[in-house]
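See below for the structure under consideration.
The structure presented is a predicted model; accordingly, all values stated were derived computationally and were not measured. Values below: all heavy atoms of this structure, side chains included; hydrogens, waters and symmetry mates excluded. Naming convention: chains lettered A, B, ... in sequence-line order (proteins, then strands); numbering from 1 in each chain.
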Amino acid sequence: MISPRQFFTEKLLEWNRETNTRNMPWKGEKNPYRIWLSEIILQQTRVEQGWPYYERFIQHYPTVKKLAAAPDEEVFRLWQGLGYYARCKNMLAAAREITATYQGKFPDQYEQIKALKGIGSYTAAAIASFAFNLPYAVLDGNVFRVLSRYFGIETPIDSTAGKKQFGTLAQELLPQSLSAEYNQSIMDFGAVVCKPQQPLCGECVLRKKCVALHEQLVPHLPVKTKKLLIKKRYFNYLLVHYKEDIYIRKRTDSDIWQNLHEFVLIETAGPSDITALQSSGAIDPILGKTPFEIDRVSAPFKQQLTHQTIHSQFISITVKKAPAIPGYTLVPRSSLNNYAFPKTITTFLESNHLQLF
DNA sequence: AAGTCGGGGAC
DNA sequence: GTCCCAGACTT
């Protein structure tokens, strides 16, 4: 009698060879730089969303040295719209580390790979196995889901105990000589068959021994404990025009959108308008006594983030003298396409055809 | 151990 | 609205 574990591994590999038709530009790739780039882009990101970004980055930066030599702002512009911008910053740091320390040759040992910025246990295992055939099992959202269902494990995957338990199991299941193929198989299987919603249990090659299916636990697995708390925030953006220039700054606080740019921000606890902003004295510390003229006020914009709902509006004003606004700099409006902005701002800009009112 | 970091697609 | 995606880092 074949054990559940052996059944699992063999059926998975068989499914990959005979049934799996999932195709991606980096599949079968052996160039560690390309594998790394795809893994960074795809962290918490759907394949369909990351795909065009991957193509663009490979075109602009065919080697890690090219990426390392690129100006920060240019790279952030390419990353614009993809989210989780710390990935971009860490990616650049890693590219420069690889260039400086390893002469541009991607390190081929797990510990060296994992020591690079932005590379955690998942990405290190992915690079180690795909590029170098090292026996490290990947543990991502797909793997958690497939393992928890097939083995009927109810330990929360977002707990320390869960990560340890699933990590140990995943490593034990890995066929050491087939790490690349196996890792690819289990992730594709989780994405195509053992999906989060409406998994294809009817045609699943593991169904005979799937604990969750037999105990009707499929919709309840995997278990997560943390619940999401979503805050509402209200951003009032002043588009302060001086001649052909406008004020912007780079966000640096420990907050969302680090390293992206924005216009003059007044955050309020609730919905506000220009009259309320003036009477509350919120504008004084920014413009001082500089007289200004209100040109136009935009419709409200809403953007849903994982932990926050951002309500924003854009207020266009003109000044005849250029005040010193702390933290902000004047740049030509025509140069705005050289800077990376958050989605809510690019959406606003595009809705106005870059006319800024 | 818990919080936080984007944007988008499926339901 | 909800969930979650080829996770990692900070506090």
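If you check every strand for non-hydrogen atoms under 4.0 Å, A:Gln308 touches sugar and phosphate atoms only. Using a 4.0 Å heavy-atom criterion, one finds that A:Asp255 contacts the sugar-phosphate atoms exclusively. Looking at heavy-atom distances under 4.0 Å, A:Gln80 makes no contact with the nucleic acid at all. Among the protein residues, A:Lys231 comes within range of the sugar-phosphate backbone only, with heavy atoms under 4.0 Å from sugar or phosphate atoms but none that close to a base. Within 4.0 Å of A:Trp51, counting heavy atoms only, lies no atom of the nucleic acid at all. Nucleic acid contact for A:Ser159: none, since no nucleic acid atom lies under 4.0 Å from a heavy atom of the residue.
Per the geometry, CZ belonging to A:Arg87 stands 11 Å off P belonging to C:dA8, to the nearest Å. Between A:Gln184 atom CD and C:dA6 atom P there is a gap of 11 Å when expressed in whole angstrom units. When the P atom of C:dA8 is taken as reference, atom CD of A:Glu39 falls 9 Å away, rounded to whole Å. For the pair A:Asp253 CG and B:dC5 P, the interatomic distance rounds to 12 Å; values are reported in whole Å. Atoms NZ (A:Lys226) and C1' (C:dA8) sit 13 Å apart, rounded to a whole Å. Rounded to whole Å, the distance from CG on A:Leu228 to C1' on B:dG3 is 11 Å.
Of the P atoms belonging to C:dT11 and B:dG6, the separation is 15 Å, rounded to the nearest Å. For the P atoms, the distance linking B:dG3 with C:dA6 amounts to 25 Å, nearest Å.
When ring centroids are compared, A:Trp79 and A:Tyr53 stay outside the 6.0 Å threshold. Aromatic ring centres of A:Tyr33 and A:Phe106 lie farther apart than the 6.0 Å criterion allows. Under the 6.0 Å cut-off for aromatic ring centres, A:Phe151 and A:Phe8 qualify, their centroids lying closer than that. For A:Trp257 and A:Tyr85, the distance between ring centers is not under 6.0 angstrom.
The hydrophobic cluster containing A:Leu134 also contains A:Ile35, counting ILVMFWY residues as joined when their side-chain heavy atoms lie under 4.5 angstrom apart, directly or transitively.
Under the side-chain contact (heavy atoms from CB on, under 4.5 Å) test applied with A:Ile286, the options A:Leu277, A:Leu265, A:Ile266 reduce to a single match, A:Ile266.
For the residue pair A:Glu29 / A:Ser38, no side-chain donor-acceptor distance below 3.5 Å is found, with atom types taken as modelled. With no hydrogens or angles considered, a side-chain donor-acceptor pair links A:Glu10 and A:Gln6 at under 3.5 Å.
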Pairs under 3.5 Å (N/O, protein and nucleotides 9-11 of chain C):
{"residue": "C:dC9", "atom": "OP1", "partner": "A:Gly118", "partner atom": "N", "Å": "2.5"}

Extract from the structure each pairing of a protein N or O with an N or O of nucleotides 7-11 of chain B at less than 3.5 Å, listing the distance.
{"residue": "B:dG7", "atom": "OP1", "partner": "A:Tyr85", "partner atom": "OH", "Å": "2.9"}
{"residue": "B:dG7", "atom": "OP1", "partner": "A:Lys343", "partner atom": "N", "Å": "3.0"}
{"residue": "B:dG7", "atom": "OP2", "partner": "A:Trp257", "partner atom": "NE1", "Å": "3.4"}
{"residue": "B:dG7", "atom": "OP2", "partner": "A:Gln303", "partner atom": "OE1", "Å": "3.2"}
{"residue": "B:dG7", "atom": "OP2", "partner": "A:Gln303", "partner atom": "NE2", "Å": "2.1"}
{"residue": "B:dG7", "atom": "O5'", "partner": "A:Gln303", "partner atom": "NE2", "Å": "3.1"}
{"residue": "B:dG7", "atom": "O6", "partner": "A:Thr306", "partner atom": "OG1", "Å": "3.4"}
{"residue": "B:dG7", "atom": "N2", "partner": "A:Gln49", "partner atom": "OE1", "Å": "3.3"}
{"residue": "B:dG8", "atom": "OP1", "partner": "A:Lys343", "partner atom": "NZ", "Å": "3.4"}
{"residue": "B:dG8", "atom": "N2", "partner": "A:Arg46", "partner atom": "NE", "Å": "3.1"}
{"residue": "B:dG8", "atom": "N2", "partner": "A:Arg46", "partner atom": "NH2", "Å": "3.3"}

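Remark: A:Lys209 is positioned above the aromatic ring of A:Phe7, its terminal NZ or CZ atom under 6.0 angstrom from the ring centre and at most 45 degrees off the axis.
For A:Arg145 and C:dC5, the shortest distance from a side-chain N or O to OP1 or OP2 is below 4.0 Å.
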